[in-house]
Amino acid sequence: MMRLELAARPPFNFQATVRSHGWRRLAPFSWDEERLRRVERLSTGRVVKLAIGGSDELTGVIVAIRANEALTDGEVGEIEGKVRWMLGLEEELTDFYGLCEGEPALRHVVEEGKGHILRSPTVYEDVVKTICTTNCTWRQTEGMVGRLVERLGEPYPLEPLKAFPTPEAVAEAGENYLKQEVRMGYRASSIAQLSRQVASGDLDLEGLKHSSLGTAELYKWLKSIKGVGQYAAAHILSLLGRYDYLGIDTWARKLVSERFFDGAPVTDEEVQEVFAPWGKWRFLAYWFWDWVG
DNA sequence: TTCCAGGGGTAGA
DNA sequence: TCTACCCATGGA
């Protein structure tokens, strides 16, 4: 077992970051209220298991790595990069924190070091999972992603666990398999096409992490992906650290209706207007808004 | 049986 | 640009 200490830009709260998103409950992630675990396939083909936890000594996280053989420096570096991306350890949110001071419903963000959103190591995984959240219940999303990982992911040699499947594996399985075995319904065709395009190199999703495109262009680009509409594109943007679009779903409509419109039905425009003053931070303002208080 | 879930694509206007 | 309709799946 190997141990990696990774510092984060303060303020950073590991627990709050993991709890920020339902992603922690989608395979291959698992969460026991203390450590975030995940089997990960490295670019060398080696499959390792990560257990990420908070630390009292440093602002950041401690990563325990298990593998069947000693890892190379390159492999350890890859793991470090992936963990930093998943938890947004270097993300600069100072301006957002400044704005939160003036809003009672967001003061807890600064006080508790919130503001980071858990994401997957690859954009491909985040896009697949986002498509799997559309027009179905969360339980169905868990089922689809769970079966995808279980059936197509590469096995971890030391325990019966799998990594998130590569685009190549999903592309090779094909649309019918995704429909019949993974039970993705009509989403199967989108996921199959996406996986083929990523596997062939026609679609460079990972390049979006450091794209120089403006958010509006990125949004358009994402929407051109089959299966990615308004909601999904905005959600993916937020996982890329672009917070100036708000994805309106039934959940957002419900929250805004109850909190700002006394339970009356709201239009998407009304939801947008509520958060428009937050400008480039509007998604974070919505996401971390204290709806109960 | 019908409806709809943290929607999206398409045709037709 | 806007609307109506269809799209698998599974639970209420």
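Values below: every heavy atom of this structure, side chains too, minus hydrogens, waters and symmetry copies. Sequence lines set the chain letters: A, B, ... in the order given, protein chains first and strands last, and positions in each chain run from 1.
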remark   = Separation of dG8(B) atom P from M184(A) atom CE, nearest Å, is 16 Å
key: Audit row: S55(A), E5(A), side chain to side chain donor-acceptor pair (under 3.5 Å) steps and yes/no   = CA-CA 9 Å; S55(A) 166; E5(A) 291 188 3; over 6 Å; no
inquiry  = Suppose you measure atom P in dT3(C) against the same atom in dG6(B); what distance do you get, rounded to whole Å?
reply    = 24 Å
Between the protein and nucleotides 10-12 of chain C, list the N/O to N/O atom pairs that are separated by less than 3.5 angstrom.
{"residue": "dG10(C)", "atom": "OP1", "partner": "R183(A)", "partner atom": "NE", "Å": "2.4"}
{"residue": "dG10(C)", "atom": "O4'", "partner": "Q140(A)", "partner atom": "NE2", "Å": "3.1"}

key: Positions of residues 185-195 of chain A (non-hydrogen atom under 4.0 Å from DNA chain C), listed by number   = G185(A), Y186(A), R187(A)
ask   = Going by number, which of residues 245-270 of chain A have a non-hydrogen atom under 4.0 Å from DNA chain C?
value = none
Residue K179(A), side-chain heavy atoms: nucleotide from dG6(B), dT9(C), dG7(B) that is nearest = dT9(C)
message = Can you confirm if the aromatic rings of H235(A) and W23(A) lie within a centre distance of less than 6.0 Å?
response = yes
request  = State, with a plain yes or no, whether a side-chain heavy atom of E40(A) is found less than 4.5 Å away from one of E78(A).
outcome  = no
request  = In sequence, state the C-alpha distance, the side-chain angles, and the governing distance for E154(A) and R46(A), and then conclude on salt bridge (charged side-chain N to carboxylate O under 4.0 Å, His left out).
outcome  = CA-CA 9 Å; E154(A) 284 200 41; R46(A) 194 185 307 284; over 6 Å; no
request  = From the options L26(A), T133(A), V182(A), select the one residue that forms a side-chain contact (heavy atoms from CB on, under 4.5 Å) with V145(A).
outcome  = L26(A)
ask   = So, W221(A) versus E217(A): side-chain donor-acceptor pair below 3.5 Å or not?
value = no
query = Expressed as a whole number of Å, how far does the C1' atom of dC7(C) sit from that of dC4(B)?
reply = 14 Å
Euclidean distance for P, dA8(C) against dA11(B) (whole angstrom) = 15 Å
query = Under 30°, 30 to 60°, or over 60°: which ring-plane class applies to W287(A) and F283(A), parallel, tilted or perpendicular?
reply = parallel
key: Pair listing, side-chain hydrogen bond (donor to acceptor under 3.5 Å, both in side chains) test, anchored in residues 114-123 of chain A, at least two apart   = H108(A)-K114(A), E112(A)-K114(A), S120(A)-E125(A), S120(A)-D126(A)
note = All stems that DNA chain B takes part in, i.e. 3 or more consecutive Watson-Crick or G-U pairs with distances under 3.5 Å, are B:2-5 with C:9-12, B:7-13 with C:1-7
key: Any donor-acceptor N/O pair, S257(A) side chain to G263(A) backbone, under 3.5 Å   = yes
message = I need the CD1-P distance between I117(A) and dG6(B), as an integer number of Å.
response = 19 Å
query = For residues 213-235 of chain A, which residues have at least one heavy atom under 4.0 Å from DNA chain B?
reply = I225(A), K226(A), G227(A), V228(A), G229(A), Q230(A), Y231(A), A232(A)
Rounded interatomic separation in angstrom, taking CG from N135(A) and P from dG8(B) = 9 Å
